Amino acid sequence: MTRIGFAYNLKPEPPELSGPTGAAGRNQSPADGEQSRQEEDPPSVSDEFAEWDSIETIDAVADALSEIGEVIRLEANEEFPERLRAEGPDIVFNIAEGRYGVNREAHVPAICEFYGIPYSGSDPLALSICLDKARTKETLAYHGVPTAPFAVVSSMTDLPATRKLSLPLFAKPIHEGSSKGITERNFCRTWDELEAQTAFLLETYRQPVIVEEYLPGAEFTCAVLGNGREARVLPIVGMNFASLPDGALPIYGFEAKWIWDRPERPLQMFDCPAHIDDSLAKAIEIVTLDAYRVLGCRDWSRIDVRLDAAGDPNVVEVNPLPGILPNPADNSCFPKAARAAGMSYNELIQSCLRFAAARQSVALDESPGRARAA
Ligand SMILES: Nc1ncnc2c1ncn2[C@@H]1O[C@H](COP(=O)(O)OP(=O)(O)OP(=O)(O)O)[C@@H](O)[C@H]1O
Ligand SMILES: [Mg+2]
């Protein structure tokens, strides 16, 4: 039976978050900076582990994998390298977001490569590039994939570099995801607003700020599955900004993800398939697959796209470790797109593993197994 190592980072339970071994030093950013700014509270660590997975997601993935092999849970903690080496699985299914620093998403794949163990998903280089929004856009622009013009501000002395751009602008921390540090205040209509928000982001998130021209059009996110000519875009997810509170900017940021979308009053944020005509869908698919290819993504990724003033799709950012919440009520885009394509959650996870196995000539014997505890 195929032995499938399963690498993940488990989100700690809330009480642990405030403990002394909590967030210090992780991700180079204080958590929840926006709330601390708006309410003048001491920073909480409530979103410090926002990208790590819940036990519900981890169990769901393990269940899916257990239908096609023996699952060996390998939490990506300090013991991961030794455990990986000792277990020597045939292949690792990787959803680990990583612990420290700007290359954190690359660590598990790099350790797998060190031991010569096949793994699913993108390689360390692609993961690190995609966690740097400027390097991502440099790569896209070099290859002619449309993306908004931008400048990087590492300290306030770099601010003049933004003057080549046209207002309005949008500023964001360069190395974050899950809308950490992305609120309506990042939309800057004037140079004064840009200066103030850039200073705030530099101070709060302790990392460079990327300043981009604002893309005023509709927004989509695209789930890609497969490799080479087999790579395909699942039904496109459209952002329904009309579901945001009156007067809100059409931005899928911190407020929309973490404040306005409440279990008791969920936002109807996503249309899947998006309500667009075939020619726009085709144009979005082309830039999505081009971005996937030039960034070296493998097996799966989720790519955010927005229309510019001319109505042409531009790539906003690329997520080679897509969110995969199993509960349909959680509105996770990749599983939603898979469902619209007629794939169950288990089929989605298994399909990703099959693409990874085929790429690395790992035979999956497809006989049912049983999940083993960590
Ligand atoms: N140049 C831009 N023009 C207009 N809106 C933008 C621009 N860049 C980002 N946004 C808005 O901000 C949102 C969050 O930006 P982005 O996707 O880069 O952040 P993220 O935190 O990495 O997202 P995710 O949660 O997908 O990981 C986008 O979905 C979009 O609504
Ligand atoms: Mg995004």
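Just so you know, these numbers come straight off a predicted model, no measurement behind them. Position 1 is the first residue of the sequence; numbering continues from there. Ligands are counted one by one from 1 in listed order, and the atoms in each one are counted from 1 as well. The basis for the numbers below is simple: all heavy atoms, side chains too, and nothing from hydrogens, waters or symmetry mates.
Of all atoms in ligand 1, numbered sequentially from 1 with element shown, those under 4.0 Å from a heavy atom of D304 are 17 (O), 26 (O). Those atoms of ligand 1 that come under 4.0 Å of a heavy atom in K172, given as number and element, are 8 (N), 9 (C), 15 (O), 16 (P), 18 (O). Taking a cut-off of under 4.0 Å to the non-hydrogen atoms of I251, the atoms of ligand 1 that pass are 11 (C), 12 (O), 31 (O).
Note: F80 and Y8 fail the aromatic proximity criterion, with ring centroids not under 6.0 Å apart.
Residue contacts with ligand 1 for V316 involve side-chain atoms from C-beta outward but no N, CA, C or O (heavy atoms, distance under 4.0 Å). At a heavy-atom cutoff of 4.0 Å, ligand 1 is contacted by the backbone of E176 but not by its side chain. The proximity of E213 to ligand 1, defined as any non-hydrogen pair under 4.0 Å, is limited to the backbone. Of all the heavy atoms of N319, the ones lying under 4.0 Å from any atom of ligand 1 belong exclusively to the side chain.
Residue-and-atom listing of protein N/O/S atoms under 2.8 Å from the Mg ion (ligand 2), sorted by chain and number: D304 OD2, E317 OE2.
Taking 4.0 Å as the cut-off between side-chain N and carboxylate O, K137 and D132 do not count as a salt-bridged pair. With salt bridges taken as basic N to acidic carboxylate O contacts below 4.0 Å, one links R99 and E78.
Contacts classified as salt bridge (Lys or Arg N to Asp or Glu O under 4.0 Å) and involving residues 292-303 (residues at least two apart or in different chains) are given here: D290-R293, D299-R359, R302-D304.
Nearest to atom 14 (C) of ligand 1 by heavy atom, out of Y252, F254, F241, F170, is Y252.
Inspection of the E113 and Y119 side chains reveals an N or O donor paired with an N or O acceptor under 3.5 Å. When only modelled atom types and interatomic distance are considered, Y252 and R306 share no side-chain donor-acceptor pair under 3.5 Å.
Ligand 1 has no N or O atom lying under 3.5 Å from any N or O atom of K180, backbone or side chain.
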